[in-house]
There are 2 protein chains.
Amino acid sequence: MRHQTTLLYIDAVVRAGSIRRASEMLAITSTALNRRILAIEEELGVPIFERLPRGVRLNGAGELLIHHIRNQLSDMERVRSQIADLTGERRGHVTIACSQALLPYLPQQVAGYRKDHPGVTFGVFLRDRAAAEAALVDYTADLALVFEPIRLAEFQTIMTVRQPVHGVLARAHPLANHQTLRLRECLQYPVALPTRSYGVRHLLETALVDSPIKLNPVVESDSFEFLRLHAVAEGIISFQIPIGLPPEGMTADMVSIPLDARDVPSGLIYMGQLRGRTLPVAAARFADILSKDLEERYGPT
Amino acid sequence: MRHQTTLLYIDAVVRAGSIRRASEMLAITSTALNRRILAIEEELGVPIFERLPRGVRLNGAGELLIHHIRNQLSDMERVRSQIADLTGERRGHVTIACSQALLPYLPQQVAGYRKDHPGVTFGVFLRDRAAAEAALVDYTADLALVFEPIRLAEFQTIMTVRQPVHGVLARAHPLANHQTLRLRECLQYPVALPTRSYGVRHLLETALVDSPIKLNPVVESDSFEFLRLHAVAEGIISFQIPIGLPPEGMTADMVSIPLDARDVPSGLIYMGQLRGRTLPVAAARFADILSKDLEERYGPT
DNA sequence: TTTAACCGCTGCATTTTTTGCAGCGTTTCA
DNA sequence: TGAAACGCTGCAAAAAATGCAGCGGTTAAA
């Protein structure tokens, strides 16, 4: 990477927000880093950073430049991995920004891919919809997996998958032997709900918007795992999408039953990438495999 | 351009075909250049050049790399010009690979664009269809303008325009006062034709493929200008597409009359760029203006 | 078959560039 | 009001790139 140190340095400064902080991460002196920045600015003929009392921030020209730089760094990575392909190895690194609701789905997929390509490493990070898009934009994630997002400008959808909302309840619960659940039935019992920022909650809220019935959760949490465990422990109902359930599916003391589609419409999972970006080969192939698997499991949209 | 000298050097070596020749153009010693190449190869872990007795040639890895490098250099150019836009200037350079038949059309277009943007410079190069595509692929041209090409893999069409074949003849010619020309009529007189590699000739040949009449040119040339001038001088008929006629149109002693569409189908002019490339702003805008002008003159396809 | 012309590549001295240290002036926050 | 960050600069040391001379090999013409 010798021939693009300057690009890496600039990227580091942008991320760190100040030259001195970036210099620490890069293990060089702030002097050297500072002078590289000055050199680039002279080369371009315009400054790319605003100098603030607490550090630096990109100006307009800098925004243009940093996008080019990150694209360039990522593209070089892709070329390296294609070259590695030529010589027989298969390497790479795939980073994924993923909604909490979908997190349990990934481990087996990643494991399956790594079985075929042990040289490929992964980074999986929990991000809400907005943060997932931001991660695509600043190239900290190659792929994003989110549930029911608002439409996002830089987000280019690779595929979507329908997910009905399921009720999650203890096997001992009175409703546990139903084939489907009516929402009204459920709400006659105490329920545990995710917070309003989550897609599942949003679907339930909008389903009830014209109804006199209101959601009155006895437990509210931003952890799906907690909600699931609590539903079983206290014998109440929680709601989740099937992909978010642990791969073992229904355990001995827990069942998951779809809500009737007349009551609550199903939501959409989106897999996507940064608009216009060419993904590294490993990421592109993983996305491919994910697409196929999702379509197999949950059918075409 | 300090931070991408290595990229420029590699590109130069590829174009020159040998390190020593490239070093002369770059005004450095072959030593320095050679060592940069070796450094890059070590960095990548694989050679990118085959060493031949008379120089070097890219291997597979090198092909991947050079494409990335050229894309990267061109993209940086785009960023620079966008930054220049921000600061109020408007600069850039547009290179065009153009079939001979279309060459006379360009000067007024270029002049018109440069009137609005004096900072933008142009390079216009005569290339046949295959060479035009090659120029796009190796980034020596931003845009290509060709007539009736065979389908080309890396060529991404921006727009097309219909062009009927015209007969070009002296005003004194017996057919000069017709509204349209029948091919059979024309061929009763001596004709001057471009060589078989040109689209106009190709259209005429295919029009006669099932006919007993054959083309027997008394003059054959690969210069459209020569054909035009000769048609007038000897008082015979030549064939050309209207866009290739000098902008003054029909001069005092020359007329241009369309062939009847029943005899010879009209051909297509293609304007295109390298598939998947983001053009520099100046090139993109020029392409835009060209599109509009072509559509205005010759109508939608 | 010899010879001259290129080719890529290497050891070594030289030049150029980059880096680190110390320190300046300024702003923010406690 | 003092401590802590910040970006930036002069100067010397360290590192990297460059140029020169020359080696061994291949091609193509004499």
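Residue numbering restarts at 1 for every chain, and letters A, B, ... go by the order of the sequence lines.
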Measure from the side-chain heavy atoms of [X] and tell me the nearest of [options].
| X | options | answer |
| --- | --- | --- |
| A32(A) | dG20(C), dA17(D), dT18(C) | dG20(C) |
| Y9(A) | dG7(D), dA16(D), dT19(C) | dT19(C) |
| L38(A) | dC9(C), dT9(D), dG7(D) | dT9(D) |

Would you classify I28(B) as touching base, sugar-phosphate or nothing, given that sugar-phosphate means primed atoms plus P, OP1 and OP2, and contacts are heavy atoms under 4.0 Å? sugar-phosphate
Have a look at R20(B) and say if it touches a base, only the backbone sugar-phosphate, or nothing, with a 4.0 Å heavy-atom cut-off.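 Contact class for R20(B): base.
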What is the distance, to the nearest angstrom, from the CG atom on L33(B) to the P atom on dT10(C)?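 After rounding, the gap between these two atoms is 14 Å.
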Return the value, rounded to whole Å, for the distance between atom CD of E42(B) and atom P of dA17(D).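 Going from E42(B) (CD) to dA17(D) (P), I get 12 Å.
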Is any NZ, NE, NH1 or NH2 atom of the basic residue among R285(A) and D288(A) found under 4.0 Å from an Asp or Glu carboxylate oxygen of the other? no
Is the closest basic N to carboxylate O distance between E154(B) and R277(B) below 4.0 Å?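 Looking at E154(B) and R277(B), the cut-off is not met.
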When you check the phosphate oxygens OP1 and OP2 of [N], does a side-chain N or O of [X] lie under 4.0 Å from one of them?
| X | N | value |
| --- | --- | --- |
| N34(B) | dC9(C) | yes |
| T31(A) | dT19(C) | no |
| R54(B) | dT26(D) | no |

Has the side chain of [X] got a donor or acceptor that lies under 3.5 Å from a partner of the other kind on the base of [N]?
| X | N | value |
| --- | --- | --- |
| R35(B) | dG19(D) | yes |
| T29(B) | dC20(D) | no |
| S30(A) | dC6(D) | no |

Against Q72(A), only a single residue in Q4(B), H68(B), M76(B) fulfils side-chain contact (heavy atoms from CB on, under 4.5 Å); can you say which?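 One option only clears the test, and that one is H68(B).
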Closest-nucleotide mapping onto DNA chain D: is P53(B) or I19(A) further toward the 5' terminus? I mean the 5' end. I19(A)
Counting C-beta onward and ignoring hydrogens, is there a side-chain heavy-atom pair between L290(B) and M271(B) closer than 4.5 Å?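 The answer is yes; the side chains approach within 4.5 Å.
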